[in-house]
Asks: 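Take this structure first; my questions come after.
Order of the sequence lines fixes the chain letters, A, B, ..., with proteins taken first and strands second; residue numbering starts at 1 for each chain. Bear in mind the structure is a predicted one, so any value in this text is a computation, not a measurement.
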2 protein chains.
Amino acid sequence: MSVYFGTFENKVDRKGRVSVPAPFRQILATSAFQGIIAFRYQAPEAVEACSLEFMERLDQSVSDFDLFSEAHDDLAFNIFAESHQLPFDGEGRVILPAALLEITGIQEHAAFVGKGPTFQIWEPSALAERKSEARQRAPNLTLRLRRNEPGGAS
Amino acid sequence: MSVYFGTFENKVDRKGRVSVPAPFRQILATSAFQGIIAFRYQAPEAVEACSLEFMERLDQSVSDFDLFSEAHDDLAFNIFAESHQLPFDGEGRVILPAALLEITGIQEHAAFVGKGPTFQIWEPSALAERKSEARQRAPNLTLRLRRNEPGGAS
DNA sequence: TGTCATCCCATTGACACCCATGAAATCCCA
DNA sequence: TGGGATTTCATGGGTGTCAATGGGATGACA
């Protein structure tokens, strides 16, 4: 299992297609569904994206517990209902639906940002703004790792 | 087994037919019954829908427990008795019975909402309202997953 | 015979698939 | 180590196919 990182800015062509960055595609290569699941989540101007499997696990983490519970209902309406299943074309591109273009403000370019187990899609200038905010708020960020088990490259 | 995602709004023609969204039909393609099971459940303005197989599992999960229990009896009266078996026509459409049109208020358009293991059918504006409620009620929904099993793409 | 549901076919618009191009990164070998 | 060859990637565009929709024809049933 891999981790999404890095920022990539790609062009949206006149058909509305964008290339998903190759490194991200490589992580998704083993997925049953060749494409991404994109949905709105918390950050109002960003689109969250992940694999189908991530979504299925998310579903199971709730519905094993209680299928018709309120918790599941909130999850469903906030995430599943707002999700878009975007298949790759032969070249690894997806087309962003109008709804996602609207909430992000994406027109000519889209920025892909790795965020670990998922990644996000932004309008580039909105992302730049968000990044500088983050820098100001945490200038002295320290990284703390748990010591990992012996064996395996780091 | 797959998960129903996304929201799709389709037109109801003058014969009362609506196309079930193609992605949903694809999930249902392996079902023994080519169509959907529709029933009212909890949400007063929504129709819950699923495959025949899901219905059978729902029954078993209760009747394994206790066939003549009050729980099973309630399930029978509330769900099975009010369920409609809606077959697809050649183009993947179903006809919504008058009873379901009435409780949902559906007239010209019907919105299909993926909710994970099932999906719902709403009158579009009623759905929009329900969604904004959900958004307000769960602003801090986390994407945290439970620790997952090894293997599988993320 | 009238009403209703099912089957079949037509239309249109979106998009999935195919191929082409150029740029950049990588590889390979002298 | 330098430079040509090869591969990968992002991008652009044409076209066939499929989904959503509409409507006519056929059959069941009262």
Asks: In whole Å, I'd like the distance from the CG atom of A:D89 to the P atom of D:dA10.
Replies: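 Computing the A:D89:CG to D:dA10:P distance gives 12 Å.
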Asks: Keeping the roles fixed (side chain from A:Q34, backbone from A:A29), state whether a donor-acceptor pair exists under 3.5 Å.
Replies: yes
Asks: From D:dG12, D:dT11, D:dA25, pick the nucleotide closest to the side chain of B:K15?
Replies: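 Of D:dG12, D:dT11, D:dA25, D:dA25 is nearest to the side chain of B:K15.
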Asks: Out of D:dG22, D:dT21, D:dT11, which nucleotide sits closest to the side chain of A:R93?
Replies: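 Looking only at side-chain atoms, A:R93 lies closest to D:dT11.
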Asks: How do A:E91 and B:I95 order along DNA chain C: which one's closest nucleotide is nearer the 5' end?
Replies: B:I95
Asks: Look at the side-chain N and O atoms of A:K11 and state whether any lies under 4.0 Å from the OP1 or OP2 oxygen of D:dG12.
Replies: yes
Asks: Need one value for B:V20: base, sugar-phosphate or nothing, where a base atom within 4.0 Å counts as base even if backbone is also close, heavy atoms only.
Replies: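 The answer is sugar-phosphate, as B:V20 gets under 4.0 Å only of primed atoms, P, OP1 or OP2.
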Asks: Quickly work out the A:N10 CG to C:dA23 P distance and round it to whole Å.
Replies: 17 Å
Asks: Roughly, in whole Å, what's the span from CZ in A:F8 to C1' in C:dA25?
Replies: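 In whole Å, C:dA25 C1' lies 14 Å from A:F8 CZ.
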Asks: Which residue in the set A:I36, A:T104, A:I106 passes side-chain contact (heavy atoms from CB on, under 4.5 Å) when paired with A:V47?
Replies: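 The single option meeting the side-chain contact (heavy atoms from CB on, under 4.5 Å) with A:V47 is A:T104.
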Asks: Here's a test of your reading of the structure: between B:A22 and B:R14, which maps to the more 5' nucleotide of DNA chain D?
Replies: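 Result of the comparison: B:A22.
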Asks: What is the distance from CD of B:Q85 to P of C:dT6, rounded to the nearest Å?
Replies: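 After rounding, the gap between these two atoms is 12 Å.
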Asks: Please state how far atom CD in B:Q26 lies from atom P in D:dA20, giving the value in whole angstrom units.
Replies: 11 Å
Asks: State whether the number of non-hydrogen atoms from other residues, nucleotides or ligands found under 6.0 Å of A:E133 atom CD is greater than 12.
Replies: yes
Asks: Find the distance B:F88:CZ to D:dA20:C1' and express it as a whole number of Å.
Replies: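 From B:F88 CZ to D:dA20 C1': 14 Å.
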Asks: Are A:P87 and A:F33 side-chain neighbours, meaning at least one heavy-atom pair lies under 4.5 Å?
Replies: yes
Asks: So, OP1 or OP2 of D:dA10: does either fall under 4.0 Å of a side-chain N or O from A:R25?
Replies: yes
Asks: Separation of B:E108 atom CD from D:dG22 atom P, in whole Å?
Replies: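 Taking atom P of D:dG22 as the reference, CD of B:E108 is at 9 Å.
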Asks: Minimum heavy-atom separation for A:F80 to B:K115, with atom names?
Replies: CD1-C, 3.9 Å
Asks: What is the separation between atom CZ on B:R17 and atom C1' on D:dG22, rounded to the nearest whole Å?
Replies: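 One finds 7 Å between C1' of D:dG22 and CZ of B:R17, rounded.
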